[in-house]
Trainee: 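Got a structure for you, questions after.
Atoms within a ligand are numbered from 1 in the order they appear, just like the ligands themselves. FYI, side chains are in, hydrogens and waters are out, and symmetry mates aren't considered; it's all heavy atoms of this structure.
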Amino acid sequence: MRMFDIIAKKRDGGVLSREELEFAVMGFTNGQIPDYQMSALLMAIYLKGMTEQETAQLTDVMAHSGDMVDLSAISGVKADKHSTGGVGDKTTLVIAPIVAACGVKIAKMSGRGLGHTGGTVDKMEAVPGTETALDRQRFFDQVNRIGISVIGQSGNLAPADKKMYALRDVTATIGCVPLIASSIMSKKLAAGSDCILLDVKTGNGAFMKTLEESIQLAQAMVSIGRHNGRKVAALITDMDTPLGHNIGNSLEVAESVEVLKGRGPADLTEVCYQLAANMLYLAGKGTLEACRKMAEEAVASGAAYEKLKQMFAAQGGDVSVLDDPANFPQAAYSRVVLAKESGYLVRMNTELVGNASVVLGAGRITKEDSIDFAAGIVLHKKTGDRVEAGEPLATLYAENEGRFDGAEEMFRNALTFGPAPQAQPPLVMARVTESGVERF
Ligand code: URA
């Protein structure tokens, strides 16, 4: 077999066989196939696309390029979730304990922040003492004992994706549904759970900007799951405005606790219930309605909050910050941003709001940057709200006062005011399952 022929076949619109995909992906991962040939193949895929089966096979080959985590040492059904990334997206910290409190095991590997979006592992590390790099045995033992562990990606998970993603990033081949779907799902298949719920964010703060492209991506990922023997469903959720009010690591942990105590912001609470209900449904816990009720009861009874505390305690975290966020290390400085004009907040450029939080220190500008866990933004107004001149729009937090001017300018530039409120999209726009697409 020659890489030249594989590239030519895809260039001419052919369908690659499993053997051809294996030859290309494994050869590239092992260093036998050079970057320039893989780049040509990626561009051919970008231009000619892939069939469902071809995408599923590519994903399976990428997943098998490294460790396939075997969760069979953990009893019961194991469920995972993945968000395509957003601003203020702290849903894992809410949903994972809800689902675990309802008896479904969570053995989850999460990521760190990327660009303007946050990551669960960074948020977890905001709780002082929390370990996110557990060895396999401790990870399995914890899940068997208390039903839940969330850790950072460990081991050699889908190394083909790592190399291919780095190449896509510099060859203008990122924005291609089969390539994005196989990249995300190769890591999820390798992580080993039986059920995978995908939260595909859509809107100006998301990777996918339109509902239609989000649905296409969700369909591709659900189909990969079906071809590879996993139960997969996706919700398409709004990221035209940040989720909840808090952006930044310890601020987001505190807001997650509020939801688990039954007094969180309405938008975040609703999205979390819908995601949790769908995860429980995939895990076979009953009808969607029964699963929603189960999730609500886990919050009302305090069981879900207890589960969150058990998880942090088992991973060495100081749970006193969960009981009282005043125990979190506090930011040295804060600045309140006041409205200069009256009107309705009709649009937030969510990506810019996320970038403002990065400027404050809540995210990384370079890979080596350390995060300031206390930095971030608390929004006092959100899209759709009426604002009077002089009212607080947000409070910014930072360790270094010098960060405020740039962040405030960016934050103000993210806001558009108008004379009348505008209709807002639904929080959950669609649900994609093996049976099809439901739009809300
Ligand atoms: N996230 C991934 O893991 N891969 C992509 O290609 C895009 C987003």
Trainee: Who's the nearest protein heavy-atom neighbour of atom 1 (N) of ligand 1, and how far?
Mentor: I184 CG1, 3.8 Å

Trainee: S183 heavy atoms, cut-off 4.0 Å: which ligand 1 atoms fall inside?
Mentor: 2 (C), 3 (O), 4 (N), 5 (C), 6 (O)

Trainee: Looking at D12 and K48, is there a salt bridge between them, counting it only when a charged N and a carboxylate O are closer than 4.0 Å?
Mentor: no

Trainee: Give me the nearest non-hydrogen protein atom to atom 3 (O) of ligand 1 as residue plus atom name, then the distance to 0.1 Å.
Mentor: K187 NZ, 2.5 Å

Trainee: Give a yes or no answer on whether the side chain of N278 reaches the backbone of Q274 with a donor-acceptor pair at less than 3.5 Å.
Mentor: yes

Trainee: Within a distance under 4.0 Å of any heavy atom of Y165, pick out the atoms of ligand 1 and give their elements.
Mentor: 4 (N), 5 (C), 6 (O), 7 (C)

Trainee: If you measure every N/O of R168 against every N/O of ligand 1, is any gap under 3.5 Å?
Mentor: yes

Trainee: Check whether any N or O atom of D161, backbone or side chain, sits under 3.5 Å from an N or O atom of ligand 1, and answer yes or no.
Mentor: no

Trainee: I'd like to know whether CD of Q424 has more than 12 heavy-atom contacts from other residues, nucleotides or ligands below 6.0 angstrom.
Mentor: yes

Trainee: A side-chain contact here means heavy atoms from C-beta on lying under 4.5 Å apart; do R364 and R112 qualify?
Mentor: yes

Trainee: Is there a side-chain contact (heavy atoms from CB on, under 4.5 Å) between L21 and M50 once you walk through the steps?
Mentor: CA-CA 12 Å; L21 290 166; M50 284 186 132; 3.8 Å; yes

